[in-house]
Colleague: 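Okay, here's the structure, questions in a sec.
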Amino acid sequence: MSYWLMKSEPDECSVDDALAAPRATVPWTGVRNYQVRNFMRDAMRVGDGVLFYHSSCAEPGIAGIARVASAARPDPTQFDPRSPYHDPAAKPQAPRWLLVDVQVLRKVPLITLPVLRANPELADLLVLRKGNRLSITPVEPRHWDAILKMAGG
DNA sequence: GCCAACGTTGGC
DNA sequence: GCCAACGTTGGC
């Protein structure tokens, strides 16, 4: 079992949006970075723990606890000319981009970036590192434990 | 809107 | 394969 932090823009899909979906599950569309795609393809497994992170918003931070709910599969938005995630170079016979389903288990009181940064246990958390731009990053078990503690168990 | 950081593109 | 230009991310 591995742990991950997954960034979502709440304007596009917030924790509340995901909770409102059937089975509180949403397809994680729009990944267009090869390193992140490879995480999904090679390392993410059903049942892995997920920190649901709100990014590019007024209050960035961890907003929910979730789990990986499917294996990696082709992201249909790459084939949709009307989607902002359309990739004209991707062919259905040779999909370039993948997604996994993410199921929210519970919403947590927002753990903001300043609060995360103030915890010395999280000094090495990848998402806190300068210049980090990956929308999915692996989370070490000790970081997962520390953050769950901050989230109230 | 600014800007640092980093990924991608494309000419050579 | 190098690397400058350009695009994107994302906090502030």
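Throughout, a chain's letter reflects where its sequence line sits, starting with A, and its residues are numbered from 1. Worth saying up front: this structure is predicted, and the values here are computed from it rather than measured.
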Colleague: B:dT8 C1' sits how many Å from A:Q35 CD, rounded?
Modeller: 14 Å
Colleague: Please determine whether a side-chain nitrogen of the Lys or Arg among A:D101 and A:R73 lies less than 4.0 Å from a carboxylate oxygen of the Asp or Glu.
Modeller: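 Counted as a salt bridge, because a side-chain N and a carboxylate O are separated by less than 4.0 Å.
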Colleague: In whole angstrom, what separates A:L126's CG from B:dC6's P?
Modeller: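 Going from CG in A:L126 over to P in B:dC6 covers 12 Å.
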Colleague: In whole Å, I'd like the distance from the CG atom of A:N132 to the C1' atom of B:dG7.
Modeller: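 Taking atom C1' of B:dG7 as the reference, CG of A:N132 is at 13 Å.
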Colleague: Any side-chain N or O of A:K7 under 4.0 Å from OP1/OP2 of C:dT9?
Modeller: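 The answer is no; no side-chain N or O of A:K7 sits under 4.0 Å from OP1 or OP2.
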Colleague: Quick one about A:S14 and A:D17 (side-chain donor to acceptor, distance below 3.5 Å, no hydrogens or angles considered), yes or no?
Modeller: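 Indeed, the side chains of A:D17 and A:S14 share at least one donor-acceptor pair under 3.5 Å.
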Colleague: Rounding to a whole Å, what distance do you find between A:N33:CG and B:dT8:P?
Modeller: 6 Å
Colleague: Looking at the side chain of A:Y34, which of C:dT8, B:dT8, C:dC12 is the nearest nucleotide?
Modeller: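 Closest nucleotide among those given: B:dT8.
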Colleague: Just how far, in rounded Å, is P of B:dT8 from CG of A:D87?
Modeller: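 Answer to the nearest Å: 12 Å.
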Colleague: Once you round it to whole Å, what is the distance between C1' of C:dT9 and CD of A:E12?
Modeller: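 Computing the A:E12:CD to C:dT9:C1' distance gives 13 Å.
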Colleague: Sequence neighbours left out, what pairs pass ring-ring contact (aromatic ring centres under 6.0 Å, His included) with at least one residue falling in residues 89-146 of chain A?
Modeller: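 Non-adjacent pairs meeting ring-ring contact (aromatic ring centres under 6.0 Å, His included): A:Y3-A:W144, A:Y34-A:W97.
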Colleague: Rounded to the nearest 0.5 Å, what's the gap from CG on A:L126 to CH2 on A:W4? Could you check?
Modeller: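 Answer for the CG-CH2 pair, A:L126 versus A:W4, is 10.5 Å.
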Colleague: Nearest whole angstrom, please: distance from the C1' of C:dG10 to the CG of A:L113.
Modeller: 10 Å
Colleague: How many whole angstroms separate atom CE of A:M6 from atom C1' of C:dT9?
Modeller: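 Distance, rounded to whole Å: 17 Å.
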Colleague: When you get a sec, tell me which of C:dG7, B:dA4, C:dC12 is the closest nucleotide to the side chain of A:R133?
Modeller: C:dG7
Colleague: Tell me which nucleotide among C:dG10, C:dC12, B:dA5 gets nearest to the side chain of A:R117.
Modeller: C:dC12
